[in-house]
Participant: 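I'd like to ask you about the structure that follows.
Whatever order the structure lists them in is the order used to number ligands and atoms, beginning at 1. Atom set for the values below is all heavy atoms of this structure, side chains included, hydrogens, waters and symmetry mates excluded.
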Amino acid sequence: MRSIAIITGATAGIGRATAKILARHNFDVVITGRRSEHLLSLVKEIRSGTEADVLPLSFDIRDPEAVAAAMKGLSGKWAQVGLLVNNAGLAVGLNPVHQGVVDDWERMIDTNIKGLLYITRLVSPGMVERGEGHIINIGSIAGKEVYESGNVYNATKFAVDGLTQAMRLDLVDFGIKVTAIHPGAVETEFSTVRFKGNREKADQVYEGFTPLSAEDVAEAILFAVTRPPHVNIDDMLIMATAQGRTRKIVRRNPE
Ligand code: NDP
Ligand code: 8X3
């Protein structure tokens, strides 16, 4: 029998790759994000390439009422959520704290922390009732170590790390697995979003080395969800081979 997975932030990057890999491995997938046209193209791709059923739900995860409406609208098999992948997230801006932009800070806090909490609050009671389920939070190396001008993004990912540990304590009594996956640099839309559409600056982040791909992270998620019932992957940090720390990356000079 197929399980139901909700993947937040499935319109791009890690979330999109995760939805695709889960759809190929016995999951029916609820895909979410704000850009409905991106969701629809993913629906087509999953329907044409796999046996999976797919349900697109477009909402802004920062809006608790929109999240509630989407989750309360799940019925029949879609309400039996076995896996929640809390992936939607972003960095906005890269400024020292004394030059920080309050609106950027709020976007990161509202998405990366509050959004994750809103959806977890609505999905986890069903898992508790059924006595099974798995929640995977996408943290970051930025939640393990700080870097210059990372400040609020770092803080949100440290919060994801702390929340993951706390959620595991709260949910272990009910047989629910809670996992954090912390990637290093992954080439997605992440840096384009961080630099507010400046592609040149975004491309520089990945110059001269091979970063992780969204698929590399999706494969780690698949590994975590395919362990036997008695095994939980608590915490996984995945880096590109060339990245020793957030700001130590071995780059080749261009030929
Ligand atoms: P992308 O920018 O490629 O994807 C981000 C996803 O999050 C999109 O689907 C976007 O959908 C969704 N999202 C953002 N804001 C909202 C919102 N308000 N409501 C609903 N969905 C939202 O980035 P990545 O795939 O790289 O990022 C995924 C996760 O991985 C994030 O949590 C990020 O912090 C984390 N991460 C990324 C790393 C990297 O180097 N790329 C490294 C470590 C962690 P839409 O815009 O359509 O709403
Ligand atoms: C994204 C990785 O190092 O750019 O979470 O913050 S980093």
Side-chain angles (χ1 to χ4, degrees), residues 6-20 30-42 56-64 66-67 70 85-94 104 106-116 118-119 136-161 163-164 180-197 201-202 204-206 209-218 220-221 236-240 242-249:
I6 299 181
I7 303 102
T8 69
T11 57
I14 295 168
R16 190 172 200 280
T18 301
K20 286 166 58 175
V30 181
I31 54 173
T32 81
R34 289 166 299 181
R35 288 169 293 176
S36 46
E37 70 287 0
H38 285 53
L39 290 176
L40 291 182
S41 85
L42 183 56
L57 292 178
S58 174
F59 59 87
D60 188 329
I61 202 145
R62 293 171 297 179
D63 177 350
V67 180
V85 183
N86 279 318
N87 163 76
L90 77 181
V92 196
L94 188 66
D104 293 350
E106 286 175 349
R107 284 177 63 191
M108 291 186 273
I109 291 166
D110 290 351
T111 310
N112 301 357
I113 305 175
K114 292 165 72 179
L116 178 150
Y118 296 151
I119 195 161
I136 299 191
N137 294 332
I138 306 302
S140 171
I141 180 64
K144 297 286 188 185
E145 56 172 79
V146 294
Y147 51 85
E148 282 172 42
S149 299
N151 47 64
V152 174
Y153 180 67
N154 288 132
T156 65
K157 290 299 183 179
F158 272 77
V160 172
D161 195 14
L163 275 172
T164 307
I181 308 262
H182 303 278
V186 190
E187 190 164 9
T188 60
E189 294 180 6
F190 177 85
S191 293
T192 307
V193 172
R194 166 169 259 175
F195 296 117
K196 303 178 180 178
K201 267 179 129 176
Q204 281 169 10
V205 174
Y206 310 108
F209 78 110
T210 307
L212 297 172
S213 67
E215 289 71 25
D216 293 326
V217 181
I221 292 170
M236 203 192 281
L237 179 61
I238 314 164
M239 303 292 281
Q243 186 174 24
R245 289 176 69 85
T246 49
R247 290 298 179 257
K248 175 159 175 68
I249 295 179

Participant: With distance as the sole criterion, is a donor-acceptor pair present between the side chains of Thr164 and Asn137 under 3.5 Å?
Facilitator: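 Short answer, yes.
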Participant: Return the minimal non-hydrogen interatomic distance between Leu42 and Lys20, and the atom names on each side.
Facilitator: CD1-CG, 3.7 Å
Participant: Sub-3.5 Å donor-acceptor pair from the side chain of Ser41 to the main-chain atoms of His38, do we have one?
Facilitator: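 It does hold such a pair.
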Participant: Whether Glu189 and Arg35 form a salt bridge (side-chain N of Lys/Arg under 4.0 Å from carboxylate O of Asp/Glu) is what I want to check.
Facilitator: yes
Participant: Can you list the atoms of ligand 2 that are under 4.0 Å from a heavy atom of Ala142?
Facilitator: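 Near Ala142, the atoms of ligand 2 are 6 (O).
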Participant: May I ask you to list the atoms of ligand 2 that are less than 4.0 angstrom from any heavy atom of Arg194?
Facilitator: 4 (O)
Participant: Working to the nearest 0.5 Å, report the span between CD1 of Ile14 and OG1 of Thr188.
Facilitator: 6.0 Å
Participant: Can you check whether Gly33's main-chain N or O pairs, donor with acceptor, with Thr11's side chain at less than 3.5 Å?
Facilitator: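 Between the backbone of Gly33 and the side chain of Thr11 there is no qualifying donor-acceptor contact (under 3.5 Å).
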Participant: What about Tyr206 and Phe190, are their ring centers closer than 6.0 Å?
Facilitator: no
Participant: Near ligand 1, which residues have a heavy atom under 4.0 Å away from one of its atoms?
Facilitator: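 For ligand 1, the contacting residues are Gly9, Ala10, Thr11, Ala12, Gly13, Ile14, Gly33, Arg34, Arg35, Phe59, Asp60, Ile61, Arg62, Asn87, Ala88, Gly89, Thr111, Ile138, Gly139, Ser140, Tyr153, Lys157, Pro183, Gly184, Ala185, Val186, Thr188, Glu189, Phe190.
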Participant: With no hydrogens and no angle check, is any side-chain donor or acceptor of Gln243 less than 3.5 Å from a backbone partner on Thr246?
Facilitator: yes
Participant: Does Glu37 have more than 12 heavy atoms from other residues, nucleotides or ligands lying within 6.0 Å of its CD?
Facilitator: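 Yes - once you tally the heavy atoms of other residues, nucleotides and ligands closer than 6.0 Å, there are more than 12.
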Participant: For ligand 2, does Lys157 get within less than 4.0 Å through its side chain, its backbone, both, or neither, judged by non-hydrogen atoms?
Facilitator: neither
Participant: Would you say ligand 2 has an N or O under 3.5 Å from any N or O of Ser140?
Facilitator: yes
Participant: Can you pull out the closest protein heavy atom to atom 1 (C) of ligand 2? Residue, atom name and distance to 0.1 Å, please.
Facilitator: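 The closest heavy atom on the protein side is Phe190 CZ, 3.4 Å.
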Participant: Where is the nearest protein heavy atom to atom 7 (S) of ligand 2: which residue, which atom, and how far?
Facilitator: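 Checked against all protein heavy atoms, atom 7 (S) of ligand 2 sits closest to Tyr147 OH, 3.6 Å.
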Participant: Tyr153 heavy atoms, cut-off 4.0 Å: which ligand 2 atoms fall inside?
Facilitator: 1 (C), 5 (O), 6 (O)
